[in-house]
Amino acid sequence: MMRRSGPYEMVARMASGNAVVVFSVSGCCMCHVVKHLLLGLGVGPTVYELDQLGKGGREIQAVLSHLLSAASPSPSTSISAAAVPAVFIGGQLLGGVEKVMSCHINGSLVPLLKQAGALWL
Ligand SMILES: *[C@@H]1O[C@H](CO)[C@@H](O)[C@H](O)[C@H]1NC(C)=O
């Protein structure tokens, strides 16, 4: 099903499969932080552990790394090159852990989640 098209297409399709989708790697500390933040807010995200997806997982990480560095306002590619965690809300890339945390702190995360249908309360 995911073989026919390229890795960008594959990421887009996976990312729009649920209101909230988290791309993670098992054992990644910041991924754990993001998943627990979302769970704590009452969101049930779809989580993809990319290290468990073999070759496809590595292709997806390359795509995410590119998308995240393009989305990051800072030109410091050395830190923004991390591919995970990558959080998608409503099929749109929100960002990595820093973006999620700053949205959480300034109160914009919950409205985003509600808008995407991930939270009802
Ligand atoms: C909250 O912070 C995020 C990330 O820096 C920013 O994109 C967003 O516009 C901010 N929202 C508000 C309401 O300040």
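No hydrogens, no waters, no symmetry mates; every other heavy atom, side chains included, goes into these values. One-based numbering, in listed order, for ligands and for the atoms of each.
- In this structure the side chain of V97 never reaches within 4.5 angstrom of the side chain of C31, judged on heavy atoms.
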Which pairs would a plain distance check flag for residues 15-22, meaning a side-chain donor or acceptor within less than 3.5 Å of a matching protein atom at least two apart in sequence or in another chain?
{"from": "S16", "atom 1": "OG", "to": "A12", "atom 2": "O", "distance (Å)": "2.7"}
{"from": "S16", "atom 1": "OG", "to": "R13", "atom 2": "O", "distance (Å)": "3.4"}
{"from": "N18", "atom 1": "ND2", "to": "G44", "atom 2": "O", "distance (Å)": "3.4"}
{"from": "N18", "atom 1": "ND2", "to": "T46", "atom 2": "OG1", "distance (Å)": "2.8"}

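- In terms of heavy-atom proximity, A83 sits nearest to A86 at O-CB, 3.7 Å.
- Under the side chain to side chain donor-acceptor pair (under 3.5 Å) criterion, S108 pairs with N106, sequence neighbours left out.
- Applying the side chain to side chain contact (heavy atoms under 4.5 Å, CB included) test to S26 and every residue at least two apart in sequence or in another chain returns E49, D51, Q52.
- Note: F23 and Y48 have parallel aromatic rings, judged against thresholds of 30 and 60 degrees for the angle between ring planes.
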Tabulation required: pairs of a nitrogen or oxygen in ligand 1 and a protein nitrogen or oxygen under 3.5 Å; columns are atom names and distance to 0.1 Å; otherwise 'none'.
{"from": "ligand 1", "atom 1": "2 (O)", "to": "N106", "atom 2": "ND2", "distance (Å)": "2.3"}
{"from": "ligand 1", "atom 1": "7 (O)", "to": "K99", "atom 2": "NZ", "distance (Å)": "2.8"}
{"from": "ligand 1", "atom 1": "11 (N)", "to": "N106", "atom 2": "ND2", "distance (Å)": "3.0"}
{"from": "ligand 1", "atom 1": "14 (O)", "to": "N106", "atom 2": "ND2", "distance (Å)": "3.2"}

